[in-house]
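Below is one structure, written out as structure tokens, with a few remarks after it.
Every heavy atom of this structure was used, including side-chain atoms; hydrogens, water molecules and symmetry mates were not.
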Amino acid sequence: MEGFTDEPGVDLVKPEGIRFPYRSILNETIRNTFFHVALWMAMFSLYLVGLYHAILYLRTSRKDHDLWSEAYNKAGILFGIMGIATGSLWARYTWGSWWTNDIKLNMATIAMFIYFGYVILRSSFTDEEKKARVSAVFSIFAFVALIPLVFVIPRLTDSLHPGNGGNPALGGEDLDHTLRLFFYPSIIALFLIGCWLAQLKFRLLKLSDRVLKNR
Amino acid sequence: MPNKGDFWEVNCYNNSLMYSHHTKQKSLACLALLFFHVLLQAQSPENDFLRSTGKIYSVVAGIVIVFAGLAIYLWRLDRKLTKLEKHINDEHETS
């Protein structure tokens, strides 16, 4: 795998100021780090908050925590779908195919399906309390499954993804500093957008819960 | 290499086909096939629109996907909220 060079391709513009690193087949799409990769990081953070509320629900049995957990998990699912879609498009123009048998793609898809199962599970209950308790437990299970699927298994083999294969803790040079400058704020921004979506969802769920109870 | 105009023009034609009349359906379907063929051909060589200028437009398309995802989510939330509002208003009227 070639490293980063400052050598731009023939058709790349080279403006003054901040310059992005050039890497063989990535070209300008190295900027997808701020969107595609940051989406997955934000998704993971949203699922983490969903897990937190699921545990709190099991400890306190307060209905609010169940609704928060649902709202955050659903925002995470949206981010996951967008991550798959942006990744697929990028793969078409980088690897030449909408879908490859890359280990990371397949494992991420399995993780996605587990969370789809969460939504289906929720909609299959009529008893409110049973629904809340079972989906809280399922939420914990889904998150525990997410960690090996996304963070462990892809690292055991080689992946087509840039900067992948092997232990990333030892790959400090994998991400250029000019990219970090935008990558980290992008994660925070997308996470905050996700929190806002989840909060809107929570308010809607809570309101509809109250309205239906008064009927 | 096809230029920018070709790419968007083909898209325009395809969009207009969706609203076509029933009587002209057959011939238009043939035309659509032809345009799809052109569109696919435009995508096969190395230098199509999304691959031009260092593939920057594939990043733009990615941003469009993110925006569309957020917009669809919010739009669906809006619809659910409208339904709830209607429900509340109906309750008020009956009581």
- Message: Return the CG to CD distance between A:Leu207 and B:Glu85, rounded to the nearest 0.5 Å.
- Response: 9.0 Å
- Message: So, taking the atom named CG in A:Leu212 and the one named CG in B:Leu84, what distance separates them when rounded to the nearest 0.5 Å?
- Response: 7.5 Å
Can you name the nearest heavy-atom pair linking [X] to [Y], along with the distance?
X	Y	result
A:Leu89	B:Gly62	CD2-N, 3.7 Å
A:Val211	B:His87	CG1-CD2, 3.3 Å
A:Leu78	B:Gly69	CD1-O, 3.8 Å

- Message: According to salt bridge (charged side-chain N to carboxylate O under 4.0 Å, His left out), who are the partners of B:Lys83, at least two apart in sequence or on a separate chain?
- Response: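 B:Lys83 satisfies salt bridge (charged side-chain N to carboxylate O under 4.0 Å, His left out) with no residue once adjacent residues are dropped.
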- Item | Residues which pass salt bridge (charged side-chain N to carboxylate O under 4.0 Å, His left out) with A:Arg31, listed by chain and number, not counting sequence neighbours |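 With sequence neighbours excluded, A:Arg31 shows a salt bridge (charged side-chain N to carboxylate O under 4.0 Å, His left out) to A:Glu28, given in chain and number order.
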Pick one of side chain, backbone, both or neither for [X], based on which atoms fall under 4.5 Å of a heavy atom in chain A.
X	value
B:Leu81	both
B:Ile88	side chain
B:Leu74	side chain

- If you check every heavy atom in residues 33-54 of chain A against those of chain B, which residues fall under 4.5 Å?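 Residues A:Phe35, A:Leu39 are the ones that qualify, each having a heavy atom under 4.5 Å from chain B.
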- Query: For chain B, which residues from residues 192-204 of chain A lie under 4.5 Å away (heavy-atom distances)?
  - Reply: A:Ile193, A:Trp196, A:Leu197, A:Leu200, A:Lys201, A:Leu204
- Message: So, applying side-chain contact (heavy atoms from CB on, under 4.5 Å) with B:Val59, which one of A:Ile30, A:Thr86, A:Asn32 is it?
- Response: A:Asn32
- Task: Tell me, yes or no, whether the heavy-atom count around B:Phe67 atom CZ, taken from other residues, nucleotides or ligands under 6.0 Å, exceeds 12.
- Result: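 It does not: B:Phe67 CZ has 12 such atoms or fewer within range.
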- Does the side-chain contact (heavy atoms from CB on, under 4.5 Å) test come out yes or no for B:Val66 and A:Phe79, once each step is laid out? CA-CA 9 Å; B:Val66 174; A:Phe79 275 42; over 6 Å; no
